Amino acid sequence: MKLWWGWACVLLLSLLALSVAEAQDDLEMEEAMVEDMVEDREDSAEGEKGTDANVSFQVTYKTPVPIGEVYFSETFDDGSLDRWQVSKTMKEDADDEIAKYDGKWSVEQLKENKVPGDMGLVLKSRAKHHAIASLLDRPFLFRDDALVVQYEVNFQDGIDCGGAYIKLLSDEDDLDLEQFNDRTSYTIMFGPDKCGEDYKLHFIFRHRSPLNNDLEEKHAKRADVDLKKFYTDKKTHLYTLVLNPDNSYEILVDQSSVSRGSLLHDVVPPVNPTKEIDDPTDSKAEDWDERAKIPDPEAVKPDDWDEEAPAKIQDPDAVKPEGWLDDEPEFVADPAANKPDDWDEEMDGEWEAPQVPNPVCETAPGCGQWKPPTINNPQYKGKWKAPLVDNPHYQGVWSPRKIQNPDYFEDLAPFQMTSFRAVGLELWSMTSEIYFDNFIITSYKEVADRWAGDSWGLKKLVASANEPGVFSQLTMAAEERPWLWVVYILTVGLPIGLTVLFCWPKKSDDDYVYKKVDPPKPDVEEEEEDDDEEEEEEEEKGDQAAEAKATESPTPAGQREDMRSLSPSLHSHSSSLFLPLSLLTCSLFQILFSLVNISSHSPFLFQKRRKRRRRRRLGQLEGTV
């Protein structure tokens with residue numbers, strides 16, 4: 001039995017150790033991923049290195065180069081805005097003080113988790129209009145190829161109210177980047193936007209009617225996940241929009257899908273209008289009866305129904321408390337008050353001292369005229385109303401008749417939008433230090449993924465390496481979710497309790513001293529008080545001798561078995577509880593370390609597994625191009 005309990009304790013401790021080891025293996029995997037990424041970049045950088053004393057995790061960075069066909073790519077690593085044009089116009093319908101697009105832009109490194117040598121575009125001004133744009137290498141035509149738009153955003157100081165979306169400016173003859181403003185024609189608007197507690201991720205495209213060429217904005221449905229963390233964690237996030245020629249679209253954040261749908265069915269208002277509309281000339285007839293229920297015309301008010309009875313009456317059983325002071329007012333003039341020196345009775349009227357509670361009433365049940373309290377009137381029924389019955393003349397809810405929609409059309413290819421030839425940011429923000437980086441526009445998701453791996457992926461790995469330790473993460477997680485303290489207490493306390501319950505050494509059976517138990521005897525009458533004292537002394541001496549003999553001699557087998565009779569049931573009960581409690585403990589450890597891993601691991605943790613497959617697909621793509 002002792003050996004069994006020893007193995008049980010070893011099993012429990014082993015399971016707990018496995019839970020800890022699993023979390024440690026995940027962290028080691030992430031560190032290995034970082035080392036592999038750094039080694040790959042060291043091989044390709046050919047000695048180009050950048051270090052920063054403020055960065056706890058040093059890496060070698062090389063400006064990413066797109067592999068495959070792209071329409072636009074920008075890293076800002078050269079530190080200049082030569083290919084970008086800052087708007088010099090004014091915003092219409094705005095006050096003169098804020099109408100000008102005079103917000104400042106700068107090319108800088110990240111404030112936190114910076115990668116030495118990696119630069120980005122930073123919005124520097126608060127409460128100002130900002131506008132900046134750049135031409136594509138060549139216009140994008142919506143024909144047979146997909147559209148992939150991707151860029152990074154970091155709200156370095158959080159965000160109160162403002163946007164970080166981009167606009168793909170339509171390819172029109174009058175496009176002038178110096179005059180870029182909120183009314184400049186665009187084809188697609190995409191990116192994050194937040195004001196108050198409304199967290200949005202815009203995807204808006206402008207659809208042209210085939211009937212009259214009118215443009216109308218179409219808004220994609222809201223994201224399927226909570227977007228708040230992307231605006232508050234002060235980390236760099238990757239936003240990707242994928243549009244396919246089959247009219248499907250997908251929006252990804254940090255390479256995880258947050259929304260997908262169809263341009264035909266999942267936008268508001270819909271691309272294609274309804275075939276029928278309400279007739280604007282139709283009106284409801286004067287005798288149209290929409291009442292489903294009416295008062296029963298045959299109902300009669302009962303004779304005993306008293307509509308005049310009050311809802312409340314004075315309690316007839318109430319009695320005035322003893323000591324009630326009827327002649328004393330509840331409030332009296334403040335004897336300590338004095339008329340102000342500047343009081344003008346002609347202007348201000350006769351001065352009266354302010355009222356204060358009557359001090360005499362403090363020791364009495366009450367002062368002034370006593371009134372019985374009110375209670376609900378048992379005879380009150382209120383105003384009588386006839387019960388409702390079905391309306392025999394009910395005609396239903398009126399609605400206008402339907403007619404053919406004169407503006408109806410059917411466009412089965414909304415993907416074929418107006419081509420665009422520039423990308424721009426036209427923003428208003430109450431928060432500064434919004435960081436943009438690594439824009440890319442292409443037709444191949446693989447190209448965008450490789451671009452992200454060479455840029456955003458490195459930022460994520462550095463941020464992950466600079467994150468606080470496990471205990472700090474547990475504390476921060478509990479600050480946001482106080483219920484985690486219960487999990488922590490159970491996770492720590494339950495193993496300790498089980499260890500004490502099952503593994504604490506028990507006293508050996510050999511250490512017990514069994515006392516001799518006299519066989520039961522029938523009741524005897526009390527001895528006479530006049531018994532001889534000598535007989536009592538002899539009995540006491542005899543008992544002491546018997547106890548000494550029992551201590552020296554081994555305990556009889558029958559008595560030992562009696563003392564152990566409860567032991568099997570106790571061990572059986574403990575054995576039945578050990579396995580489920582052990583499994584529960586291990587489950588709590590798994591949940592605890594999963595919470596830590598979810599908060600600390602980046603999506604690029606599994607990039608190494610997909611590396612060969614991505615290279616193979618890129619090789620095929622390069623051969624095609």
Side-chain angles (χ1 to χ4, degrees), residues 26-45 48-50 52 55-68 70 73-77 109-110 112-121 148-154 156 229-230 233-242 250-258 435-442 444-467 597-618 621:
D26 291 341
L27 296 177
E28 291 177 357
M29 183 193 300
E30 183 174 357
E31 294 175 358
M33 281 293 303
V34 175
E35 294 175 358
D36 292 343
M37 179 72 76
V38 173
E39 291 175 359
D40 292 344
R41 292 187 176 278
E42 288 178 348
D43 295 338
S44 61
E48 295 183 9
K49 298 182 179 180
D52 192 323
V55 183
S56 61
F57 179 75
Q58 297 292 347
V59 297
T60 300
Y61 173 78
K62 181 177 177 62
T63 300
V65 177
I67 299 178
V70 298
S73 63
E74 178 62 85
T75 64
F76 302 101
D77 288 345
Q109 285 188 321
L110 281 168
E112 298 179 2
N113 298 320
K114 62 181 64 175
V115 178
D118 183 22
M119 310 287 282
L121 178 66
V148 181
V149 181
Q150 183 172 275
Y151 69 108
E152 302 170 15
V153 176
N154 187 324
Q156 300 184 96
K229 62 179 180 180
F230 302 123
D233 60 6
K234 299 183 180 180
K235 294 181 179 180
T236 303
H237 294 288
L238 184 72
Y239 295 89
T240 308
L241 170 65
V242 181
E250 184 176 17
I251 300 174
L252 303 96
V253 179
D254 296 346
Q255 296 193 324
S256 297
S257 179
V258 298
Y435 176 93
F436 302 86
D437 199 5
N438 296 316
F439 293 85
I440 187 170
I441 299 175
T442 180
Y444 304 98
K445 182 66 164 53
E446 294 81 1
V447 174
D449 288 344
R450 178 59 184 268
W451 174 271
D454 294 339
S455 54
W456 172 80
L458 191 59
K459 288 188 180 73
K460 292 297 293 182
L461 292 175
V462 171
S464 178
N466 290 336
E467 285 183 351
N597 293 339
I598 289 173
S599 64
S600 61
H601 289 182
S602 66
F604 266 76
L605 187 62
F606 305 100
Q607 182 176 354
K608 189 173 183 180
R609 300 179 181 176
R610 303 184 310 210
K611 195 172 184 180
R612 293 182 179 178
R613 183 178 63 183
R614 183 176 296 173
R615 285 180 175 176
R616 184 165 56 252
R617 297 175 67 182
L618 286 172
L621 176 62

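Just so it is clear, the structure is predicted and the values come from calculations on it, not from any experiment.
- Remark: Tyr435 engages no residue in a ring-ring contact (aromatic ring centres under 6.0 Å, His included) (not counting sequence neighbours).
- Contact record, Pro116 with Gln109: CA-NE2, 3.5 Å, taken as the closest heavy-atom pair.
- Residues Ser455 and Asp437 are not in side-chain contact: their nearest non-hydrogen atoms beyond the backbone lie 4.5 Å or more apart.
- Minimum interatomic distance between Lys114 and Val462 (heavy atoms only, all atoms of both residues): O-CG1, 4.1 Å.
- A pairwise comparison of heavy atoms in Ile67 and Val447 identifies O-CG2, 3.2 Å as the closest pair.
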Query raised in the report: Under the side chain to side chain contact (heavy atoms under 4.5 Å, CB included) criterion, do Trp456 and Gln150 qualify, and how do the steps go?
Result: CA-CA 11 Å; Trp456 172 80; Gln150 183 172 275; over 6 Å; no
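- Taking CD1 of Ile441 as the start and OH of Tyr151 as the end, the distance is 11.0 Å to the nearest 0.5 Å.
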Report task. Go through the steps to decide whether Leu110 and Thr236 satisfy the test side chain to side chain contact (heavy atoms under 4.5 Å, CB included), and finish with yes or no. Result -> CA-CA 9 Å; Leu110 281 168; Thr236 303; 3.6 Å; yes
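- Partners of Thr442 according to the side chain to side chain donor-acceptor pair (under 3.5 Å) rule, which considers only residues two or more places apart in sequence or in another chain, do not exist here.
- Here the straight-line distance linking atom CG of Asp254 with atom NZ of Lys229 works out to 8.0 Å at 0.5 Å rounding.
- Closest approach of Val242 and Leu252 over heavy atoms only: CG2-CD1, 4.1 Å.
- Shown here are the side chain to side chain donor-acceptor pair (under 3.5 Å) partners of Glu250, two or more places apart in sequence or in another chain: Ser257, Arg260.
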Requested in this report: Walk me through it: do Thr75 and Trp451 pass the test side chain to side chain contact (heavy atoms under 4.5 Å, CB included)?
Outcome: CA-CA 10 Å; Thr75 64; Trp451 174 271; 3.4 Å; yes
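- Residues Val253 and Tyr239 have side chains in contact (heavy-atom distance under 4.5 Å, counting atoms from C-beta outward).
- For Lys234, the salt bridge (Lys or Arg N to Asp or Glu O under 4.0 Å) test picks out no residue, with sequence neighbours left out.
- Closest approach of Asp77 and Pro64 over heavy atoms only: OD2-CD, 4.1 Å.
- Listed by chain and residue number, His237 satisfy the ring-ring contact (aromatic ring centres under 6.0 Å, His included) test with Phe230 (two or more places apart in sequence, or in another chain).
- Remark: Asp118 engages Tyr61, Lys459 in a side chain to side chain donor-acceptor pair (under 3.5 Å) (not counting sequence neighbours).
- Distance CG/Asp449 to OG1/Thr240: 7.5 Å, rounded to 0.5 Å.
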